[in-house]
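Step one of this worksheet: look at the structure below.
No hydrogens, no waters, no symmetry mates; every other heavy atom, side chains included, goes into these values. Residue numbers begin at 1 in each chain, while the letters A, B, ... track the order of the sequences.
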Amino acid sequence: MATLPAPMSDSSAPISPRVRFAPSPTGYFHVGGARTALFNWLLARRLGGRFVLRIEDTDRERSDPAWTEGILSALTWLGVAWDEGPFFQSERRHLYDAAAARLFAEGRAYACDCSPETVKARTDQRAVPGYDGFCRGRALPFERGRALRYRVPDEGTTVVHDLVRGDVEFQNATIEDFVLVKSNGDPLFVLAVVVDDLDMAITHVIRAEEHLPTTPKAVLLWDALADGHPLPAFAHVPVLVNERRQKLSKRRDRVAVEDYRALGYLPEAMVNYLALLGWSPADGREVLSRQEMIDEFRLEDVLRSPAFFDERRLLHFNGLYLRALSVDEFIERARPFLESDQVPWRPEHFDTAVFSALAPLVQERAGTLGEVPGLVEFLFAEPFEPDPDAFAKAIASDPEAGRILEAAIAILESVEFSPAALRRAIEEVAEQAGRKLGKAQAPIRVATMGRSTGLPLFESLEALGRERTLERLNAALGRIPGA
RNA sequence: GGCCCCAUCGUCUAGAGGCCAAGGACACCACCCUCUCAAGGUGGAGGCACGGGUUCGAAUCCCGUUGGGGCUGCCA
């Protein structure tokens, strides 16, 4: 991908759509980046074009291959697959050097030896912010130790035709002579982006709104370098914001895609939720398959205002997708969470068959896959310890609890351990105690399952088995204060 | 400060001049279902930031104000 496409001989011939996602590997990959990537991907699929992944690692100080790995694995997890790349700007340096040399040779750019400090000192005294053009007329040779700045026209207007925002006008007078190449020789992203978009024959630049202010610079550079190749279409999608309505930040906000994966969110739920942030299909449906998104996605329908990344809504979608899984799929996808080293039981105590038997009941209750172990912990964790708060509330402070546990022990010694028979047995206990079934089972539930809420009791006792059930009921009985 | 963007329930949104006494979803509240918890069902509360225009008619168009955000780096 280092050559320009052959000029179109027939200007009416359709140009193959090529979109790109160009993250910089300077921090963990957050959901805002994922949403931008998704929109790019959706458009590429929708138009039957190519999705190019380009890693913008021109800043050697801040870039780290580990972050690149994170981006690639997150995109893979989400199923946002790239058709070409990943390309690394750090490997394409010669292209930027050549472009810089050309701009300098043609007088479109000039060398500057002002230090950032002196520039700042001067601009602080001026009404107009930005570089003051001090080196414009000095005709300094372009060499190591000097930055290269673009000579922005003093007059005129640069218009960005934006697919989601319409035409946005910038007075050239408000654009400073921006730096293209650092004094250490490294190119800056404005230059690299334009060179690459041109070289890679990109037709659509879809990126976050924060890039809108730099777009007129890209347009100026494109005009200087593209030799007439048409400018790509631009689309600046709204940023994702936190609860304080600020742009999601890698530093400030804990919203790494990787974190959601670790918590047990399904990628299809994440994708569905992300797609609906700033976009919605014409008929208002919310649960959409990938194909439906592809078929219906249009940049023209993307909103212009920022959207808040609402985890509660994400959780809702996750539950929807989780429950829509077949039981077998659910078991399969829960497996990594049941076999992780974070699990609250010793691996050898886990029993797949026991889990599988209860899986449908677990599936109905888990909001994320990460919640699965907690729901079945009582089956596998040894030694068994009821939750202290639950014990205090349902047993220690319930004067009837002792009698109920005793009655339960008596009847469960002989009853068949099937949900139906267990239900009849506990109903009998409830009757003896003069309570409703739900109230009567509370102490039994805490004594055997350790919590006051969770899976249905009878199926759980069946899975636990008679021996352990009786053991736990007796243990609880023995721990009642004053009993 | 300068440049730019944005503005419908708490949140995500539908709405492209009359079909809107503004619809859906999440969250919230109540009830139903129910062995707990979920899930599900029913109902409820809750919004067009403000002010001017344009028009027979404006959430929808224009202007202004206010508010929020982004950029303002030899980061991307």
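- Side-chain proximity of A:Leu320 to B:G40, B:A27, B:C3: nearest is B:G40.
- Distance CZ (A:Arg304) to P (B:U13): 12 Å, rounded to an integer number of Å.
- A ring-centre distance under 6.0 Å is not found for A:Tyr260 and A:Tyr273.
- For B:C71, the OP1/OP2 oxygens have a side-chain nitrogen or oxygen of A:Lys247 closer than 4.0 Å.
- B:C33 makes up no base pair with any nucleotide shown, lacking Watson-Crick or G-U wobble contacts both under 3.5 Å.
- Residue A:Thr26 has no polar side-chain atom (N or O) positioned under 4.0 Å from OP1 or OP2 of B:C75.
- For A:Pro213, taking side-chain heavy atoms from C-beta onward, the closest of the listed nucleotides B:G70, B:G68, B:C74 is B:G70.
- Between A:Phe417 and A:Val415 there is a side-chain heavy-atom pair separated by less than 4.5 Å.
- Atom C1' of B:G51 sits at a distance of 25 Å from the matching atom of B:G46, rounded to the whole Å.
- As a whole-Å value, the separation of A:Phe458 CZ from B:U34 C1' is 11 Å.
- Here B:C71 presents its C1' atom at 11 Å from CD of A:Glu176, a figure rounded to the nearest Å.
- Using atom C1' as the reference point in both B:A14 and B:C48, the two lie 13 Å apart (nearest Å).
- Residue A:Leu212 contributes atom CG, which lies 13 Å from atom C1' of B:U72 at whole-angstrom precision.
- Rounded to whole angstrom, the span from the CG atom of A:Leu303 across to the P atom of B:C6 amounts to 11 Å.
- Interface remark: the A:Thr214 side chain does not form any donor-acceptor pair with the B:C71 base, using a distance-only criterion of under 3.5 Å.
- Contact annotation: A:Lys182 side-chain N/O to B:C75 OP1/OP2 distance is under 4.0 Å.
- The aromatic ring centroids of A:Phe21 and A:Trp41 lie 6.0 Å or more from each other.
- B:G47 and B:U11: their C1' atoms are spaced 12 Å apart (whole Å).
- Across all strands shown, B:C71 forms a Watson-Crick or G-U wobble pair, both distances under 3.5 Å, with B:G2.
- When the C1' atom is used for both B:U8 and B:G68, the distance is 16 Å, rounded to whole Å.
- Looking only at atom types and distance, the side chain of A:Gln89 has a donor-acceptor partner in the side chain of A:Asp196 under 3.5 Å away.
- B:A21 is unpaired under the Watson-Crick or G-U wobble criterion, no partner having all donor-acceptor distances under 3.5 Å.
- Nucleotides B:G23 and B:G43 place their P atoms 14 Å apart, quoted to the nearest Å.
- Side-chain N/O atoms of A:Arg423 include one lying less than 4.0 angstrom from OP1 or OP2 on B:C35.
- A salt bridge does not link A:Glu371 with A:Arg365: none of the charged nitrogens is closer than 4.0 Å to a carboxylate oxygen.
- Checked by distance alone, A:Arg313 brings no side-chain donor or acceptor within 3.5 Å of a matching partner on the base of B:U11.
- Under the Watson-Crick or G-U wobble criterion, with both distances below 3.5 Å, B:C61 is paired with B:G53.
- Rounded to a whole angstrom, the distance from the C1' atom of B:C9 to that of B:A27 is 12 Å.
- Put simply, CZ on A:Arg207 is 13 Å from C1' on B:G70, counting in whole angstrom units.
- Between the side chain of A:Glu210 and the base of B:C4, no donor-acceptor pair under 3.5 Å is found.
- A salt bridge links A:Glu427 to A:Arg423: one of the charged nitrogens lies within less than 4.0 Å of a carboxylate oxygen.
- Counting non-hydrogen atoms of other residues, nucleotides and ligands closer than 6.0 Å to CD of A:Glu61 gives a total of 12 or fewer.
- With hydrogens and angles ignored, no donor-acceptor pair under 3.5 angstrom links the side chain of A:Gln246 to the base of B:G70.
- Rounded to whole Å, the C1' atom of B:U54 lies 13 Å from the corresponding atom of B:U60.
- For the OP1/OP2 pair of B:C75 and a distance below 4.0 Å, the side-chain nitrogens and oxygens of A:Ser24 include no atom meeting the criterion.
- The pairing partner recorded for B:G10 is B:C26, the criterion being a Watson-Crick or G-U wobble arrangement whose two distances lie under 3.5 angstrom.
- One interatomic measurement links the two molecules: NZ of A:Lys217 to P of B:A76, which rounds to 12 Å at whole-angstrom precision.
- For A:Tyr131 and A:Phe178, the ring centers are positioned 6.0 Å apart or more.
- No hydrogens or angles were tested; on distance alone, a donor-acceptor pair under 3.5 Å links the side chain of A:Arg365 to the base of B:U36.
- Comparing the C1' positions of B:C63 and B:A22 gives an interatomic distance of 25 Å, to the nearest angstrom.
- In this structure, the CZ atom of A:Phe317 is 10 Å from the P atom of B:A27, given to the nearest Å.
- Note on A:Arg285: every side-chain N or O is 4.0 Å or more away from OP1 and OP2 of B:U13.
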